[in-house]
Every structure is written in structure tokens, then in C-alpha cells.
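Below you'll find the structure, written out as C-alpha cells, and then a few comments.
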Amino acid sequence: MSPSQPIFRFAPSPNGLLHAGHAYSALFTDHWARALGGKMLVRIEDIDTARSREVFVEAILEDLAWLGLDWPAPVRRQSDHFDFYRAGAKRLVDAGLVYPCFCTRAEIRAAGTGETDPDGAPLYHGGCRAIGAPERAARIAAGAPHALRLDMREAIRRAGALEIAETMPTPRDAVKRRAADPGRWGDVIVVRKDTPTSYHLSVVLDDAHQGITHVTRGMDLHAATDIHVLLQALLGLAAPLYCHHALVRDAEQAKLAKSRGSQSLADLRAAGWSAADLRAHLGI
Ligand code: GLU
């Protein structure tokens with residue numbers, strides 16, 4: 001492998017079956033990687049051990065093979081690398097960039113400022129930022145469940161102005177830069193209460209560790225990229241190029257989702273669809 005070979009990834013969470021939106025993302029990623037003489041890795045994002053299921057991991061790999069895709073082994077599974085994420089989180093702790101948050105979701109909603117983050121969740125009011133070191137230590141020693149939140153104001157101050165390099169598989173793969181605005185997320189959680197990392201932290205650490213050059217994913221993660229480039233800057237990690245593709249929508253123009261009862265690839269297969277039919281339907 002030449003050091004400049006582009007490396008893409010498809011990174012599903014095994015908490016359900018893949019639907020046509022996932023298929024589009026995987027096919028789009030693989031197609032572009034091959035066009036650039038690169039490759040697509042598959043990464044299983046199973047940090048949520050309560051919601052991830054082995055049957056879904058198997059089903060996902062089976063669906064991807066059915067789509068005609070292949071990928072290098074071994075497949076990275078995030079649940080095998082919690083120590084790696086703990087070490088990343090420790091760097092943020094040691095740098096004084098995070099603080100423990102003991103609040104429950106209900107408390108955050110109740111104390112809400114009325115402001116929301118780009119995903120529509122109540123913006124954290126920052127209450128636990130003011131808790132003094134002795135009380136923090138005492139509560140942690142007493143076993144109080146807590147998450148670690150990024151002190152966003154301090155993080156932005158240290159990182160300075162950040163840009164995101166975005167690209168599209170246009171004939172020239174032109175790169176455009178936009179200013180990142182991570183502040184609109186408030187003090188995001190970088191280590192959850194229930195697992196020793198978070199989506200944002202593990203995705204950023206893994207993308208760097210795996211040498212990912214192109215992150216391709218749906219527009220639903222467009223705003224999250226602002227957090228990702230901030231974490232990369234704070235942790236001294238290289239930033240990949242980002243491409244957020246349009247989402248596959250259903251007849252009501254809603255984004256496909258398990259919770260909406262969108263048909264899974266297994267459903268489509270059972271209804272007689274071939275992988276070629278699906279590719280044609282998705283325009284790939
Ligand atoms: N695991 C995430 C998901 O299934 C995608 C992560 C990413 O592409 O950054 O939504």
C-alpha cells in the first residue's frame with residue numbers, strides 16, 4: 001500500500017438492521033474509494049454495549065457482502081478498544097479541558113435554557129462546570145455516575161479558529177473550506193456515563209488511528225463535524241477530508257430510520273430485490 005493511498009470507511013452502529021440509506025452510504029463510499037485507487041474499511045461502532053447486538057454485526061456484514069462489497073480484514077470493532085479511548089479521554093482530562101457532569105437527562109431538560117444544539121437536544125446549562133474540585137472528588141469517590149463534558153469555551157480558546165475541509169466526488173474532487181462552529185453544541189459529552197467513551201471521541205481517535213483520508217457520511221452528521229475537527233485540534237490529530245452526502249428519503253420525504261419502520265435490506269431481499277435493483281434504485 002502506498003502511503004498516499006486514499007482510505008475511506010463505512011462505520012455502522014450494530015443496533016439494528018441496515019436500510020437503503022446505509023446501503024447508499026456504503027456504495028457511495030466504496031465507489032469513490034475505488035475511483036481514487038483507494039480502499040474502504042468497515043468499522044463496527046459498538047461502544048453502546050447495551051444497544052449493540054452480535055446478530056446485527058453479522059447481519060450488517062452479510063448485507064454489505066450481498067451489495068457486492070468487500071473490505072480488508074480485520075474489521076475494527078470499537079468495543080475491543082476501550083483502553084485506547086480511555087487514553088484519549090485522559091489526555092483531555094490532563095489538559096484540563098473536561099469536567100465531570102452528574103446531571104441526568106431529566107435534570108438537563110428541566111433546567112433547560114430553551115436553547116437547543118444542532119440535533120435539537122436541549123443545550124447543557126453548564127451547571128456542573130462550577131462544582132469545586134473537592135466536591136467533584138467526593139462525589140466520584142462515592143460512586144456517583146458521571147459523564148465527562150468538554151469545557152467548550154476553553155476548548156475553543158485553545159484551539160483557535162478552525163476550518164473543515166469538505167470535498168465531493170466531482171470530476172476534480174475540489175476541496176472547499178468552511179469555518180467550524182463547535183460552540184453551537186455547548187459543553188458536549190466526550191465520555192458518557194454508561195461507556196468509557198462517546199461517539200465523538202471514538203470516531204475521531206479511530207479515524208486518525210486508521211489513517212482515514214476521506215470521511216464520507218450522511219448530511220445528518222454535517223454539524224457534528226465541527227466537534228470532530230475541534231477534538232482533532234485539541235488532540236493533535238490529522239484532520240481527514242469530509243464529504244456529507246444527501247440522505248435517502250422515503251415517500252414522505254423523511255429520512256429512513258428503523259424507528260419509522262423503514263424497510264431493511266433484509267426486507268428488500270425477502271421481497272425479491274436484487275443488489276443490482278437496489279443500486280439502480282439508488283442511482284449508483
Ligand atoms: N456510526 C455512525 C452511525 O451509524 C456513523 C459514524 C460516522 O460515519 O462518523 O450513524
Side-chain angles (χ1 to χ4, degrees), residues 6-33 39-53 56-57 59-61 63-64 67 69 71 75-82 85 88 118-121 164-169 180 182 185 188-190 192 195 197-232 235 237-249 255-260 262 264-265:
I7 305 180
F8 290 61
R9 89 300 195 274
F10 176 64
S13 303
N15 50 26
L17 296 171
L18 299 188
H19 52 59
H22 298 109
Y24 179 82
S25 201
L27 290 167
F28 174 97
T29 302
D30 178 78
H31 189 75
W32 193 7
K39 62 181 174 184
M40 176 185 79
L41 308 183
V42 172
R43 183 168 75 218
I44 299 294
E45 303 212 319
D46 57 350
I47 58 163
D48 190 333
T49 48
R51 290 180 67 215
S52 299
R53 297 269 180 279
F56 292 134
V57 176
I60 285 169
L61 298 178
D63 283 342
L64 295 176
L67 284 169
L69 301 173
W71 53 90
V75 166
R76 186 174 176 86
R77 292 184 58 153
Q78 292 189 322
S79 59
D80 290 336
H81 301 282
F82 284 133
Y85 309 132
D119 280 349
I164 300 170
E166 292 180 321
T167 182
M168 267 291 172
W185 288 95
V188 282
I189 289 180
V190 288
R192 286 162 44 164
T195 189
T197 183
S198 61
Y199 159 62
H200 299 305
L201 181 64
S202 41
V203 88
V204 156
L205 289 169
D206 278 353
D207 285 340
H209 179 75
Q210 296 189 286
I212 303 299
T213 58
H214 292 66
V215 169
T216 50
R217 55 191 181 191
M219 271 309 281
D220 49 345
L221 289 169
H222 186 255
T225 307
D226 298 38
I227 303 170
H228 299 171
V229 295
L230 175 61
L231 289 175
Q232 285 153 0
L235 293 166
L237 306 173
L241 293 172
Y242 286 91
C243 173
H244 296 95
H245 57 71
L247 297 174
V248 177
R249 298 191 178 273
K255 159 186 161 183
L256 301 187
K258 291 152 215 163
S259 52
R260 279 183 57 83
S262 302
S264 66
L265 298 186

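Order of listing sets the numbers, starting from 1, for every ligand and every atom in it.
When each of Trp32, Tyr242, Phe10 is tested with His214 by the rule ring-ring contact (aromatic ring centres under 6.0 Å, His included), just one qualifies, namely Trp32.
Taken from CE in Met40 to CZ in Phe8, the straight-line distance is 10.5 Å, to the nearest 0.5 Å.
Sorted by first then second residue, the salt bridge (charged side-chain N to carboxylate O under 4.0 Å, His left out) pairs that include residues 7-32, not counting sequence neighbours, are Arg9-Asp207, Asp30-Arg34.
Between Tyr199 and His228, the distance from one ring center to the other falls under 6.0 angstrom.
Looking only at atom types and distance, the side chain of His245 has a donor-acceptor partner in the side chain of Ser25 under 3.5 Å away.
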N/O pairs closer than 3.5 Å, ligand 1 and protein:
| unit_1 | atom_1 | unit_2 | atom_2 | d |
| --- | --- | --- | --- | --- |
| ligand 1 | 1 (N) | Ala11 | O | 2.7 |
| ligand 1 | 1 (N) | Ser13 | OG | 3.0 |
| ligand 1 | 1 (N) | Glu45 | OE1 | 2.6 |
| ligand 1 | 4 (O) | Ser13 | N | 3.4 |
| ligand 1 | 4 (O) | Ser13 | OG | 3.3 |
| ligand 1 | 8 (O) | Arg9 | NH1 | 2.8 |
| ligand 1 | 9 (O) | Arg9 | NH2 | 2.9 |
| ligand 1 | 9 (O) | Tyr199 | OH | 2.8 |
| ligand 1 | 9 (O) | Arg217 | NH1 | 2.8 |

- [ ] List the steps and the verdict of side-chain contact (heavy atoms from CB on, under 4.5 Å) for Val42 and Leu64.
- [x] CA-CA 10 Å; Val42 172; Leu64 295 176; 4.0 Å; yes

